[in-house]
Amino acid sequence: MTMNERKTIDLEQGWEFMQKGITKLKNILEGLPESQFSSEDYMMLYTTIYNMCTQKAPHDYSQQLYDKYRESFEEYITSSVLPSLREKHDEFMLRELVKRWANHKVMVRWLSRFFHYLDRYFIARRSLPPLNEVGLACFRDLVYQELNGKVRDAVISLIDQEREGEQIDRALLKNVLDIFVEIGMGQMDYYENDFESAMLKDTAAYYSRKASNWILDDSCPDYMLKAEECLMREKDRVSHYLHSSSEPKLLEKVQHEELSVYANQLLEKEHSGCHALLRDDKVEDLSRMFRLFSKIPRGLDPVSSIFKQHVTAEGTALVKQAEDAASSKKADKKDVVGLQEQVFVRKVIELHDKYLAYVNDCFQNHTLFHKALKEAFEVFCNKGVAGSSSAELLATFCDNILKKGGSEKLSDEAIEETLEKVVKLLAYISDKDLFAEFYRKKLARRLLFDKSANDDHERSILTKLKQQCGGQFTSKMEGMVTDLTLARENQTSFEEYLSNNPNANPGIDLTVTVLTTGFWPSYKSFDLNLPAEMVKCVEVFREFYQIKTKHRKLTWIYSLGTCNLIGKFEPKTMELIVTTYQASALLLFNSSDRLSYSEIMTQLNLTDDDVVRLLHSLSCAKYKILSKEPSTKIISPTDHFEFNSKFTDKMRRIKIPLPPVDEKKKVIEDVDKDRRYAIDASIVRIMKSRKVLGHQQLVMECVEQLGRMFKPDFRAIKKRIEDLITRDYLERDKENPNLFRYLA
Amino acid sequence: MSSSAENPTLTAEITKPSTEIATETAQSAKKITLKTSDDQIFEVEESVAMEFATVKSFFEDAPSSTDTVPLPNVPAKPFSQVIEFCKEQIKFKANPDETEKKRSNSEFVKEKTNEDLVEMIPVANYLEIKDLLDVLNQAVADRIQNRSVEYVRSFFGIDNDFTSEEEALLREEHAWAFEDVDED
């Protein structure tokens with residue numbers, strides 16, 4: 001057989017042959033004149049190893065060949081590679097290293113092919129490092145270990161040169177750094193420990209130096225431009241020659257040195273810092289600021305807090321402005337519905353638009369900035385202007401938009417948009433219940449006196465309010481709007497009823513608006529002695545209503561009524577549009593020519609306040625239907641009144657206004673009362689579930705529960721607790737007076 | 001500049017088929033010349049030669065070499081059988097079908113004499129043809145399974161170098177190994 005016929009090769013003879021091949025390889029690598037390996041060269045070298053490894057013991061030379069394989073590399077490195085590297089420096093040394101590493105890899109490839117048979121059985125069976133690894137390890141142990149420090153310094157110095165704007169050979173650096181990676185044979189340890197950590201340290205030092213100069217010389221926008229530029233360059237650097245795993249670490253270093261270290265100094269720069277950028281609307285710089293500071297840990301905190309301060313200050317300035325305008329105006333004209341306040345709400349809306357756009361655009365919709373905006377608006381939106389709370393101002397503002405002939409002339413779209421924004425502002429107001437009460441008051445006026453400009457807008461704002469504050473918030477308001485629709489239908493059927501029952505007709509046109517108690521603000525009722533003509537009307541309607549419904553009680557609110565009277569004056573007959581109160585007072589003069597204050601008061605059964613008010617409107621205001629004795633501008637209980645038959649006006653039809661009672665006080669009182677109930681209910685709810693609770697905790701939970709509607713006053717809560725104790729809902733613990741128990 | 005920007009699709013249409021033809025012809029045309037230990041010349045298609053890992057690894061670094069490749073450890077007789085196996089094998093590379101491949105492999109060894117098998121093993125090992133080596137080793141194992149010592153000796157051409165005393169002792173110690181063997 002072939003194998004047996006083969007002549008045994010001894011080690012010395014075989015190795016001599018191998019060395020010839022290795023020398024040829026080395027010559028090729030060194031660039032000496034040498035022919036390429038022919039297929040015969042290759043096959044003979046392979047066969048020699050094959051044969052020397054497949055000979056029977058003691059002629060199996062596998063172990064010796066494995067050792068000699070390694071020694072071949074060691075010998076070449078020591079005799080040629082290291083000397084050539086040692087004599088070169090800096091960039092030249094790097095070039096030589098790259099060349100030598102490339103050569104080494106070629107040598108490993110060829111030699112490991114010649115010796116391949118070792119890999120297949122000898123190395124596999126003994127779990128020895130494979131040939132490829134042995135070859136690379138030689139370079140690592142002999143070349144890399146000696147030179148990596150020098151190489152690292154040379155690379156870092158080139159990087160610094162590039163940072164200073166010089167052109168460097170990026171491909172060279174890429175090749176050198178690949179050695180750090182490849183030498184790890186799959187592990188990044190060599191790259192990380194021998195190169196990366198020193199590079200990061202140098203980077204930190206470099207940018208620390210740079211930043212310390214920039215912070216002194218540059219404005220905040222310039223500094224940020226430079227910082228962003230540097231970050232971009234470093235990123236570019238990574239993509240060109242550093243390992244991709246270095247990117248986050250490198251950027252972190254740069255961000256730390258440029259941004260974290262100088263964050264406060266940069267943001268607080270007097271003429272160009274964050275305050276100044278906000279003041280001057282430097283949108284682009286602010287966007288850059290966000291981009292940069294969003295990258296460092298907690299970097300946005302100071303930015304958002306400055307933003308909050310700025311918005312708060314701007315808002316507070318608006319409040320101050322409105323306050324000043326109101327107080328300067330107060331002196332001359334008190335009654336005019338505050339145009340200044342309208343302007344104030346407009347300005348607040350504009351402010352909100354502007355800074356919401358900042359949050360969305362510059363600050364990329366970040367929650368931190370939404371929070372800052374909210375907190376800032378909460379601060380000044382709850383301040384109130386010239387004795388009016390913001391809740392009232394907003395309600396008035398809405399009224400102005402929604403009522404006929406309001407001060408604002410807007411398109412439908414603009415109205416929708418404005419309403420949307422008002423509702424948004426409402427979110428910042430803690431006294432939402434107060435807003436609801438004022439809003440209801442104004443809504444009632446719009447609906448009852450037919451002053452609402454557009455039903456769709458009324459419903460649309462209710463939808464918006466419902467979305468923001470919940471169904472409970474708007475249920476009464478929605479009820480009011482619905483009531484009015486029902487009332488209109490009711491009136492139609494009443495008119496039908498009258499035409500079918502001609503006997504019942506009172507001879508006066510009567511329109512009745514039936515409302516649901518509870519939906520509407522409370523009004524005084526049954527306070528007036530109606531003239532007989534009107535009493536008949538009331539009776540007729542009551543009869544009609546009784547037929548329509550059972551078990552429903554009608555309560556008449558005369559204070560909200562209007563009457564059209566025909567006044568037969570000497571110059572001409574005129575139509576007077578007056579309130580039911582005024583009409584009742586005037587009708588008294590059908591039977592008497594002259595009446596005293598006290599007679600009027602007794603006959604009408606009204607309070608002094610009401611009598612004064614309505615007599616003033618008829619005798620001292622623009623239209624003097626009654627002449628007063630003495631003829632002064634104020635009503636006193638000793639005055640006498642007479643019908644002024646000489647009265648005339650260029651119009652045929654006039655409306656005699658009766659100034660409304662100042663409702664603000666009442667609204668606030670009503671809200672206070674509602675709040676007491678709300679606090680009571682909340683305390684009882686909490687205690688029912690907790691049974692025993694400390695004072696502090698009870699107050700906190702109560703505030704939390706009610707926060708959606710209003711911000712309860714601590715003292716008010718304390719008072720309600722005392723009240724509930726006296727009413728035996730709660731008791732104080734006998735040992736600890738700060739502890740409350742629920743009494744079921 | 002503008003013309004190259006206008007006609008990229010056209011160029012692609014022209015070059016693509018032509019390169020395909022070029023590679024196909026190169027593949028079918030390129031033969032590799034191999035010389036056995038008994039100076040026989042074999043011209044095999046490159047794809048067949050590339051089945052020999054030993055040969056392939058040389059061409060990886062010298063793909064354009066046209067030299068005759070000497071195979072000093074390979075005699076012509078088993079080599080021609082090895083080539084026959086590799087040609088079959090290549091078909092399955094393009095179109096993998098495990099059952100068909102198994103069938104073809106067992107057919108291949110079934111036709112071979114014991115001597116054929118024993119001669120092909122070192123060739124397959126030297127040329128590093130892993131599939132063939134596996135097939136051969138399994139075939140040999142199947143053939144010597146449950147056979148007598150004498151049969152195995154003659155199968156591999158091994159001389160008995162035990163003295164008759166030594167052999168008798170071993171047979172006594174491992175008596176179980178000599179029971180119930182198949183007839184030669």
Side-chain angles (χ1 to χ4, degrees), chain A residues 1-9 14 17-18 21 24-25 28-29 34-57 60 62 102-103 105-125 130-132 135, chain B residues 31-42 46 49-50 52-79 82 114-130 133 137 154-159 161:
Chain A
M1 279 184 59
T2 341
M3 214 162 85
N4 293 348
E5 286 159 14
R6 229 167 56 198
K7 219 178 119 234
T8 302
I9 311 168
F17 182 77
M18 290 309 294
K24 182 180 166 87
L25 177 58
I28 294 171
L29 294 179
E34 182 71 75
S35 61
Q36 287 297 312
F37 278 102
S38 69
S39 55
E40 181 167 1
D41 296 334
Y42 165 72
M43 283 315 297
M44 294 321 291
L45 288 162
Y46 170 80
T47 308
T48 305
I49 297 294
Y50 178 91
N51 289 343
M52 288 169 82
C53 292
T54 51
Q55 290 173 147
K56 285 223 179 73
D60 176 352
S62 298
N103 277 350
K105 285 190 285 187
V106 172
M107 184 167 174
V108 171
R109 199 157 71 232
W110 279 101
L111 274 200
S112 65
R113 277 197 188 127
F114 300 158
F115 287 76
H116 179 60
Y117 198 73
L118 284 171
D119 260 341
R120 288 178 58 200
Y121 297 102
F122 175 74
I123 288 171
R125 273 186 205 143
L131 296 177
N132 185 54
Chain B
K31 299 249 180 190
I32 288 180
T33 317
L34 301 153
K35 192 174 80 181
T36 57
S37 56
D38 35 4
D39 286 340
Q40 300 249 20
I41 299 291
F42 285 79
E46 191 188 24
M50 289 307 114
F52 316 148
T54 303
V55 175
K56 186 183 177 189
S57 87
F58 171 76
F59 281 95
E60 273 171 2
D61 263 61
S64 53
S65 169
T66 49
D67 298 347
T68 298
V69 182
L71 304 172
N73 283 24
V74 179
K77 185 188 156 230
F79 188 49
V82 165
N114 289 349
E115 197 193 350
D116 287 338
L117 296 183
V118 173
E119 281 176 0
M120 271 158 65
I121 288 177
V123 172
N125 189 34
Y126 176 80
L127 293 174
E128 202 181 342
I129 312 165
K130 197 173 171 305
L133 208 49
N137 288 345
S154 74
F155 190 102
F156 291 110
I158 301 168
D159 294 328
D161 52 1

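For the numbers below, each heavy atom of this structure counts, side chains included, while hydrogens, waters and symmetry mates do not. Lettering follows sequence order; numbering is per chain, from 1.
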For this session: Assign the ring pair B:Phe79 / B:Phe52 to parallel, tilted or perpendicular, where the plane angle (0 to 90°) is split at 30° and 60°.
Result: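 The arrangement is tilted - the two ring planes meet at 30° to 60°.
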Heavy-atom proximity to chain A below 4.5 Å, by part of [X]:
| X | value |
| --- | --- |
| B:Glu115 | neither |
| B:Phe59 | neither |
| B:Thr68 | backbone |

For this session: Could you tell me which portion of A:Phe114 (side chain, backbone, both or neither) has an atom closer than 4.5 angstrom to a non-hydrogen atom of chain B?
Result: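 No part of it gets close to chain B.
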Exercise. What is the minimum heavy-atom distance between A:Asn132 and A:Val108, and which atoms define it?
Worked result: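 Looking at all heavy atoms of both residues, the shortest contact is OD1-CG1, 3.4 Å.
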Exercise. Would B:Glu60 and A:Arg109 pass as an ion pair if we require N to O under 4.0 Å?
Worked result: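 Judged by the 4.0 Å cut-off on N to carboxylate O distance, B:Glu60 and A:Arg109 do not form a salt bridge.
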Exercise. Side chains of A:His116 and A:Ile49: closer than 4.5 Å at any heavy-atom pair?
Worked result: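 No, their side chains stay 4.5 Å or more apart.
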